[in-house]
Amino acid sequence: MDNILNFPSTTIVNKPVPKNAFYGRSNDSSLREFLTREFEGIVWLYKLVPATLNVEDGEYVHEIDVFYCKMKEDRYSIKPFCAMDELLPRHTVFIIECDGKFDLLMHHKEMSVIHGEQKWKCGISELKRDIQIDADTLNILGQSMDAVYNSLLSQISGLSASTREEYREQVDLRKQIESIQKQIMTLQKRIKAEKQFNRQMELNTEVRQLRKEITLLTDKLNKNNI
């Protein structure tokens, strides 16, 4: 493939990756079935490391690989991508082509040492759907691998976190907002079904209060994103 993200030429790998490079690392037969059934092909597009980016190594991040995945079907689940990601001892970005459209997927991923063995664990999945693939899709920003990683994660998530701690705080705010939005939807359904006027008024009062909470949380999240 061409340099579709217009990343530095030093970062280009552009090599097809056999599916067994992923499922061969796992004892989970369902991952092999998923890759065989749903993937048309995988290409390792870019390798972002200090040497190819001319940046400092990170405290937590040492390498970021970008993969292009073309799907056979017109829909897919992101759960198996997490299983794939956890098999790789580095950070990753997936460009997913599905039904002629492109998505970006990145997991907030951390490494821990258990009984002397490194284990990678995916946290929140950040998915940006139906994007235009061009030179401005993703920008490499920062003077260290940690900074580059946080910048890519922010661009895909829509948040603006320069550290792992800031990212966790902003994700928590986002979760609170989403939870309250679900509560409002539930209350609105109850209001429509409620026959008693007084009870409708009580439920509407609850909705107004929850909307105020969303406004406060949104303002706090927006301030973090400035």
Side-chain angles (χ1 to χ4, degrees), residues 28 30-31 34 37-38 60 69 71 73-86 91-110 112 120-133 136-139 149-226:
D28 185 358
S30 64
L31 181 59
F34 168 74
R37 181 181 65 251
E38 299 196 27
Y60 308 107
C69 304
M71 314 305 290
E73 307 295 333
D74 59 0
R75 65 186 64 186
Y76 64 91
S77 169
I78 66 173
K79 289 183 179 180
F81 279 93
C82 182
M84 292 167 58
D85 206 349
E86 288 182 341
H91 294 83
T92 54
V93 177
F94 293 102
I95 300 174
I96 305 169
E97 182 179 358
C98 180
D99 196 27
K101 298 180 180 179
F102 292 90
D103 301 335
L104 288 174
L105 175 64
M106 190 173 184
H107 300 103
H108 183 249
K109 184 175 173 184
E110 295 183 356
S112 59
W120 288 84
K121 183 69 176 177
C122 290
I124 300 296
S125 298
E126 299 291 357
L127 180 65
K128 190 173 184 180
R129 290 190 179 277
D130 198 10
I131 60 165
Q132 294 292 323
I133 295 292
D136 296 319
T137 301
L138 287 175
N139 296 302
Y149 172 79
N150 288 323
S151 173
L152 293 174
L153 188 62
S154 294
Q155 292 173 62
I156 294 174
S157 67
L159 302 175
S160 182
S162 58
T163 66
R164 297 193 303 176
E165 292 71 22
E166 287 182 2
Y167 174 75
R168 292 191 189 103
E169 291 173 3
Q170 292 177 30
V171 166
D172 183 61
L173 287 171
R174 188 175 63 185
K175 285 182 177 178
Q176 292 181 56
I177 292 170
E178 291 171 351
S179 176
I180 294 173
Q181 288 172 334
K182 289 179 181 178
Q183 292 179 52
I184 290 175
M185 291 177 63
T186 299
L187 285 172
Q188 288 174 330
K189 290 178 181 178
R190 290 176 59 188
I191 290 170
K192 289 182 179 180
E194 181 58 56
K195 303 300 182 183
Q196 295 184 14
F197 178 74
N198 289 341
R199 183 56 182 153
Q200 287 181 343
M201 295 295 289
E202 292 174 0
L203 294 172
N204 273 312
T205 299
E206 290 184 42
V207 169
R208 285 194 296 272
Q209 183 57 44
L210 289 173
R211 283 178 173 157
K212 289 180 181 178
E213 291 181 30
I214 285 182
T215 298
L216 292 173
L217 291 170
T218 301
D219 288 345
K220 188 175 181 181
L221 183 60
N222 290 338
K223 286 180 182 177
N224 288 331
N225 286 339
I226 292 176

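These numbers come from the heavy atoms of this one structure, side chains and all, not from hydrogens, waters or symmetry mates. Since we're looking at a predicted model, the values are computed, not measured.
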When rounded to the nearest 0.5 angstrom, what is the spacing between CD in Glu38 and SG in Cys69?
11.5 Å
Residues forming a side-chain contact (heavy atoms from CB on, under 4.5 Å) with Lys128, sequence neighbours excluded
Leu104, Ile131, Ile156
With sequence neighbours excluded, tell me which residues meet side-chain contact (heavy atoms from CB on, under 4.5 Å) with Ser125.
Ile78, Leu105, His107
Answer whether the closest heavy-atom distance between the side chains of Leu221 and Leu159 falls below 4.5 Å.
yes
If every non-hydrogen atom of Cys122 is compared with every non-hydrogen atom of Cys82, which pair is closest and at what distance?
CB-SG, 3.0 Å
How many angstroms lie between atom CG of Leu210 and atom CG of Leu187, to the nearest 0.5 angstrom?
6.0 Å
For Arg37, look at atom CZ and say whether over 12 heavy atoms of other residues, nucleotides or ligands are found less than 6.0 Å away.
yes
For a 4.5 angstrom cut-off between non-hydrogen side-chain atoms, does Arg174 reach Ser157?
yes
When you measure from the side chain of Ser179 to the backbone N and O of Lys175, does any donor-acceptor pair fall under 3.5 Å?
no
Taking side-chain contact (heavy atoms from CB on, under 4.5 Å) as the definition, give me every residue that meets it alongside Lys101, ordered by chain and number, with sequence neighbours left out.
Asp130
Looking only at non-hydrogen atoms, find the nearest pair between Met71 and Cys98 and report the distance.
CG-CB, 4.1 Å
Partners of Phe102 by ring pair (Phe, Tyr, Trp, His ring centres under 6.0 Å), sequence neighbours excluded?
none
Between the CZ atom in Phe81 and the CZ atom in Phe34, the distance rounded to the nearest 0.5 Å is 5.0 Å
So the side chain to side chain donor-acceptor pair (under 3.5 Å) pairs with at least one residue in residues 185-201 (sequence neighbours excluded) are Arg199-Glu202
List in chain and number order the residues that pass side chain to side chain donor-acceptor pair (under 3.5 Å) with Ser30, two or more places apart in sequence or in another chain; answer none if no residue qualifies.
Asp28
Can you list every pair that meets ring pair (Phe, Tyr, Trp, His ring centres under 6.0 Å) and has a residue in residues 186-209, with sequence neighbours left out?
none
Separation between CZ (Phe94) and CG (Leu127), nearest 0.5 Å, reads 12.0 Å
Across all chains, not counting sequence neighbours, the side chain to side chain donor-acceptor pair (under 3.5 Å) partners of Ser162 are Glu166
Over 12 non-hydrogen atoms of neighbours within 6.0 angstrom of CD in Glu165
yes
Side chain to side chain, Val171 and Arg168, heavy atoms closer than 4.5 Å
no
Are the side chains of Glu206 and Gln209 in touch, meaning some heavy atoms are under 4.5 Å apart?
no
The side-chain contact (heavy atoms from CB on, under 4.5 Å) partners of Arg208 (sequence neighbours excluded) come to Asn204, Thr205
Taking side chain as C-beta onward, heavy atoms only, is Asp99 less than 4.5 Å from Arg75?
no
Which residues satisfy the side chain to side chain donor-acceptor pair (under 3.5 Å) test with Ser151, sequence neighbours excluded?
Gln155
Thr137 side chain to Gln132 main-chain N or O, any donor-acceptor pair under 3.5 Å?
yes
Quick one: list whatever passes side chain to side chain donor-acceptor pair (under 3.5 Å) with Arg129, sequence neighbours left out.
Asp103
Quick one: pull up CD1 in Ile177 and NZ in Lys220 and give me the separation to the nearest 0.5 Å.
10.5 Å
Looking at every heavy atom in both Gln181 and Ile214, which two are closest together, and how far apart are they?
CG-CD1, 3.6 Å
Summary of ring pair (Phe, Tyr, Trp, His ring centres under 6.0 Å) pairs that have at least one residue in residues 149-181, sequence neighbours excluded
His91-Tyr149, His108-Tyr167
Contact summary for Thr92 and Met106, nearest pair of heavy atoms:
O-CG, 3.5 Å
Approximate separation, where rounding is to 0.5 Å, of Asp219 CG and Leu173 CG:
11.0 Å
